[in-house]
Undergrad: 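Starting off with a structure, shown below.
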Amino acid sequence: MTTTDELPKAYDPTDVEPRWYRRWVEAGYFHADAESDAPPFTIVIPPPNVTGSLHMGHALFVAIQDTLVRWRRMQGRNTLWLPGTDHAGIATQTVVERELLRTEGKTRHDLGRDEFLRRVWSWKEQHGGRINEQMKVMGASLDWARERFTLDDGLSRAVREVFVTLHEEGLIYRARRLINWCSRCRTALSDLEVEQQDEAGSMWHLAYPVEGSDERLVVATTRPETMLGDSAVAVHPDDPRWQHLIGRRARLPLTGRTIPIIADAELVSMEFGTGAVKVTPAHDFGDFETGLRHGLDQLTILDLGGLVCAPAPERYVGKTVAEARALVLADLEAEGLLVETKPHTIPLGRCQRCDTVVEPSLSMQWFVKIAPLAAPAIAAVERGETRFVPEMWTKTYMHWMTNIKDWCISRQLWWGHRIPAWTCVGCGELTVAREAPTTCTKCGAGTLTQDEDVLDTWFSSALWPFSTLGWPDKTRDLATFYPSQVLETGHDILFFWVARMMMMGIHFMGRSPFQTVFLHALVVDERGDKMSKTRGNVIDPLDVVHGATLDALLDKAKQGGAPASALANVKQAFPEGIPASGADALRFTLAAMAAQGRNIRLAPARVEGYRHFVNKIWNASRFAMMNLEGVDADAFAAKLAAGPAGTDLAIADRWILSRLQRVTRELNEALESFRLNDAAAASYRFFWTELCDWYIELAKPAMQSDVELDGGARRRAAQGTLAHVLDSAMRLMHPLMPYITEEIWQRLPRAVGAPASIVIARYPVVDARWEDDAVERAMALLMEASVALRNVRAEAQVPGAQVMQVFVCVADPERRRVLEEHAGVVERAARAKLTVVDAFPAGAGTKAIVGGDVELFVPLEGLIDFDAERARLDKELAKMEKEIEGVERKLGTASFVERAPADIVEKERARLAEAVARRERLAAARAALGTAA
RNA sequence: GGGCGGAUAGCUCAGCGGUAGAGCAUCGGCUUUACACGCCGGGGGUCGCAGGUUCGAAACCUGCUCCGCCUACCA
């Protein structure tokens, strides 16, 4: 127990939060025991980029996953939330290269592969831990003893094992193909790493003279510079316009080459453009296929840096795409071969990482043959082994999986898992092996060189659910924790990551890696725009937690390279900076807004609202601390265990205990079905509206009174109830708000044998015996009467301190009994003195009607504004008329009475009866006031 | 081109077949000894538009209009 003066009036999360995390870790609460008999609950973290920094997306998944994990842990599950980071090939390498250039003016090639990798590792050692520390601030209850990194020895071994096995099975192959090439990153990319966008471009019509004729064949193109690499012109076989040209040759301008005119029904559409298409097999995916069909030459006229190269004519060599385009167009124009130029929207692919326009490029790469892996991953979802939440993602997953194309997995980078393939210098034989071979398997020579390339980062991420548990060894962890129960991540990486984990997990473990895939929405700003540094609308979760001054925000934006417009946005959004709200408030906000299937527009005002909620929790608890001295938690627990029969609890006690059962049910059900927003809303309503606004206010007299008319029993009941409800509420809300709930729970009187921390306390379960409809109905009436009287007070401007005399008439005997027996509730809530009578005393006053037959008369001689009173009653009467009219119409419809369910009809009848009774009483009250003077 | 979301109070969002809800904002009143990060009371919505199904629709169906996202080689 603590006394009030030790507790500050305002909750300060920055003081409370950091204290707990270390203690939880030291106590080992987050550590999962592979030997435990308890049913496991496993979630693997979506590994953040090792050099990354916490952003709202991370904060969101921490809030969601930690809530699920803490809830399951409190339910007694053997809970494993496995942490780790991703080496993020391109991203990390780029960052280190940039740093190297900035500080030493060198490129990675200046250092050489080994030295460069040493630098990346040292960068990782220096910056790699940051995001983990940031997740700890958020309260993430991760099992740090099991932390993994995708480039760990163990995980690297798993990667080699998978690569070699798939190669042996014929599912990994090497081929010279057209792939997406980023000339800035100088690496191949998978289809997914290319972002398609429609951009403004042009459509040019170019004339190719037909050999041995005066005719010209006009082709339409959006990329005229690629004509330097054309190896044919295609027309539709059925097109009457060009029938006679099929099989002849065209003179390719500017090059001195001639190319065949071919017929291809697949590539060419007669209606589009000019009906004739230039074919450039080495620089266009459609043309590549066409080239294969017709055995055309594949002429590469762009080098790896994106510059024109031979066999393009010397004049163009070394030019960029843009330069070459301008030059080609000018040259064609000069020769009179540029027929037409018009604006045209073109789909353009850009590198996800650096925004460079991606070029289709012909090169030797490694691929995963994906269809045989996709089929079982589709089947697993079809038979329900894995399900998606929200369900709508199933369709998206299926669609992508059924149209999937082979996955290009080799990257021309240095940072990553090097491809375990070696070429014999002597005979050229390619060997794929788990460990570096010493001699060539074919010719026995001893000199082999390893493939220079590394694997796509997502290749190792795809193995994450089992590689992190020790695979390929048959470990105890693997047996206990695979498959995981839930995979929770953003829908933006459904294909990148989730689908690939499904495929690999099923192929190598025989079972889908997750029972449920829960996909959350993306966090965007208040206006629905994606958060970005250039917009200046980024909200750093840590700034919300710790607070930040405007200057600090501006400094950070500047360092991040934000433009002036962005700085202005920051100034406008946070003129006062951001107040320190704590991890609890941020987590609760994210949970409350994480409704399924929508973007989360993070509004700062919303965070503020929930920060106030956290403070409310603090103060309600502070009140409790001041009034719970000497409470005997064990005695009250025994009372609860005995059930409500014959209890000495007051109606308010019974009511809040009943409401507690309901909110307990709501929370368990909401968490069970991943509706965190409902869990948050139910918590909020219960704690603030029901517990604080009603229960605590009603319990005050019993707890604060100096007189103990009943020998202290009433006080003990209220104290016991409040202590129990608070204890339960803290446990209920702990998964959502770990810090404040622990802080308060530690200070509450607890039963003997209670655990040392709320982290491992039991999550509340419903005790249906304490749910009581009759009590809730009675309280509803008392509350309604109280509100009506408060309204009278406000309208009639009765001073807050003045106790109002109130006379009550009730027709219904049961309601009369409730009001007589529990008059104290209304008296306390409305600051009134209640007298139940058969007839009202004479005199001026105001009348309120509750629930049809409860009339509340407040004699207010001299205080009544009769005009206002008449207006108020007229308004209420009109409302009643309208309602009665509506319900009567409904009940007057034969089909309604006949076809609607009986209980609904009954409800409508009751509603009508109440409205009619209310109207009568209102009319009488109105009549008593007469007409205006 | 295909697919999937969304359109509800001034703002951000719940609700998804039986009397329209929350937070913030707004208006009025409160030095009520837990909390002004508060308390009490109030105002505010033809639930995008048009049809349909139903006794009954914000919710289900159809079409339309906007706004997002994903996906696709029409040169």
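Given the structure is predicted, the values throughout are model-derived calculations rather than measurements. Just the heavy atoms: all of them, side chains too, but no hydrogens, waters or symmetry mates, feed the values below. Lettering follows sequence order; numbering is per chain, from 1.
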Undergrad: Yes or no on salt bridge (Lys or Arg N to Asp or Glu O under 4.0 Å) for A:Glu885 and A:Lys882, after CA distance, side-chain angles and deciding distance?
TA: CA-CA 5 Å; A:Glu885 199 184 318; A:Lys882 207 175 148 195; over 6 Å; no

Undergrad: Please check if the side chain of A:Arg793 supplies one atom and the backbone of A:Arg831 the other of a donor-acceptor pair under 3.5 Å.
TA: yes

Undergrad: For A:Ala603 and for A:Val787, find the nucleotide of RNA chain B with the closest heavy atom, then tell me which residue's nucleotide is more 5'.
TA: A:Ala603

Undergrad: Check every strand shown and say whether A:Phe288 touches a base, only sugar-phosphate, or nothing at a heavy-atom separation below 4.0 Å.
TA: nothing

Undergrad: Using atom C1' of each nucleotide, how far apart are B:U62 and B:G28 to the nearest Å?
TA: 48 Å

Undergrad: Without decimals, in angstroms, what is the distance between A:Leu891 CG and B:C55 C1'?
TA: 11 Å

Undergrad: Nearest-Å distance, CZ (A:Phe588) to P (B:G23)?
TA: 12 Å

Undergrad: Between A:Trp393 and A:Phe388, is the gap from one ring center to the other below 6.0 Å?
TA: no

Undergrad: So does A:Glu697 reach the base of B:A34 with its side chain, donor to acceptor, closer than 3.5 Å?
TA: yes

Undergrad: Measure the distance from CH2 on A:Trp694 to P on B:G38 and round it to the nearest whole Å.
TA: 19 Å

Undergrad: Taking the basic N atoms (NZ, or NE/NH1/NH2) and the acidic carboxylate oxygens, is any pair closer than 4.0 Å for A:Arg919 and A:Glu883?
TA: no

Undergrad: Considering only heavy atoms and no angle criterion, is a donor-acceptor pair shorter than 3.5 Å present between the side chain of A:Lys700 and the base of B:A34?
TA: yes

Undergrad: Do A:Thr396 and A:Phe495 have side chains that approach each other closer than 4.5 Å (heavy atoms only, starting at C-beta)?
TA: yes

Undergrad: Can you tell me the distance, in whole Å, between the CG atom of A:Leu602 and the P atom of B:C13?
TA: 10 Å

Undergrad: Indicate, with a heavy-atom threshold strictly under 4.0 Å, whether A:Ala681 touches base, sugar-phosphate, or nothing.
TA: nothing

Undergrad: Between P on B:C37 and OH on A:Tyr610, what's the gap in Å once rounded to a whole number?
TA: 19 Å

Undergrad: What distance do A:Leu228 atom CG and A:Arg325 atom CZ have between them, rounded to the nearest 0.5 Å?
TA: 11.5 Å

Undergrad: Heavy-atom distance under 4.5 Å between the side chains of A:Asn627 and A:Lys700, does that happen here?
TA: no

Undergrad: Over how many whole Å does the gap from A:Asp693 atom CG to B:G38 atom C1' extend?
TA: 10 Å

Undergrad: Determine the interatomic distance between C1' on B:G44 and the same-named atom on B:C24; round to the nearest Å.
TA: 14 Å

Undergrad: Looking only at side-chain N and O atoms, does A:Arg899 come under 4.0 Å of OP1 or OP2 in B:C55?
TA: yes

Undergrad: Rounding to an integer number of angstrom, what distance separates B:G42 and B:A34 when you compare their P atoms?
TA: 25 Å

Undergrad: Should A:Arg601 be listed as having a side-chain N or O under 4.0 Å from OP1 or OP2 of B:C13?
TA: yes

Undergrad: Sticking with atom C1', work out how far B:C40 lies from B:C35, rounded to a whole angstrom.
TA: 15 Å

Undergrad: Given atom CZ of A:Arg889 and atom C1' of B:U19, what is their separation to the nearest angstrom?
TA: 13 Å

Undergrad: Quick one: is A:Arg790 getting a side-chain N or O under 4.0 Å of the B:G41 phosphate, OP1 or OP2?
TA: yes

Undergrad: Any chance you could list the contact pattern along nucleotides 68-75 of chain B? Use B for base contacts, S for sugar-phosphate-only contacts and - for none, protein heavy atoms under 4.0 Å, 5' to 3'.
TA: --SS-SBB

Undergrad: Just wondering, do A:Leu726 and A:Leu691 contact through their side chains at under 4.5 Å, heavy atoms?
TA: yes

Undergrad: Quick check on B:A34: is either OP1 or OP2 less than 4.0 Å from any side-chain nitrogen or oxygen of A:Trp688?
TA: no

Undergrad: Respond yes when some side-chain nitrogen or oxygen of A:Lys616 is under 4.0 Å from OP1 or OP2 of B:C35, and no when none is.
TA: no

Undergrad: Can you tell me which nucleotide in B:A34, B:C55, B:C13 comes closest to the side chain of A:Ala620?
TA: B:A34

Undergrad: Is a donor-acceptor contact shorter than 3.5 angstrom present between the side chain of A:Arg911 and the base of B:U19?
TA: yes

Undergrad: Charged N to carboxylate O below 4.0 Å: is that the case for A:Glu743 and A:Arg747?
TA: yes

Undergrad: Between A:Glu898 and A:Ser895, is the side chain to side chain donor-acceptor pair (under 3.5 Å) condition met? List the steps.
TA: CA-CA 5 Å; A:Glu898 283 158 22; A:Ser895 50; over 6 Å; no

Undergrad: Roughly how many Å apart are B:U33 and B:G38, using the C1' atom of each and rounding to a whole number?
TA: 14 Å

Undergrad: Taking atom P in both B:C47 and B:A7, what distance in whole Å separates the two?
TA: 14 Å

Undergrad: Between A:Ser786 and A:Val524, which is nearer to the 5' end of RNA chain B once each is assigned its nearest nucleotide?
TA: A:Val524

Undergrad: Determine the stems involving RNA chain B; a stem requires 3 or more consecutive pairs of the Watson-Crick or G-U wobble kind, each with both distances below 3.5 Å, and the answer is none if no such run exists.
TA: B:1-7 with B:65-71, B:10-13 with B:21-24, B:26-30 with B:38-42, B:48-52 with B:60-64

Undergrad: Do A:Phe288 and A:Pro360 have side chains that approach each other closer than 4.5 Å (heavy atoms only, starting at C-beta)?
TA: no

Undergrad: Considering only the C1' atoms, how many Å lie between B:G52 and B:A14, rounded to the nearest integer?
TA: 28 Å

Undergrad: Take atom CZ of A:Arg622 and atom C1' of B:C37, then tell me their distance rounded to the nearest Å.
TA: 12 Å

Undergrad: Could you tell me how far B:G6 sits from B:C74 if I compare only their P atoms? Round to whole Å.
TA: 28 Å

Undergrad: For the NZ atom of A:Lys278 and the CG atom of A:Asp230, what is their distance to the nearest 0.5 Å?
TA: 4.0 Å

Undergrad: Tell me what A:Ala801 touches on the nucleic acid: a base, only sugar-phosphate, or nothing, going by heavy atoms under 4.0 Å.
TA: nothing

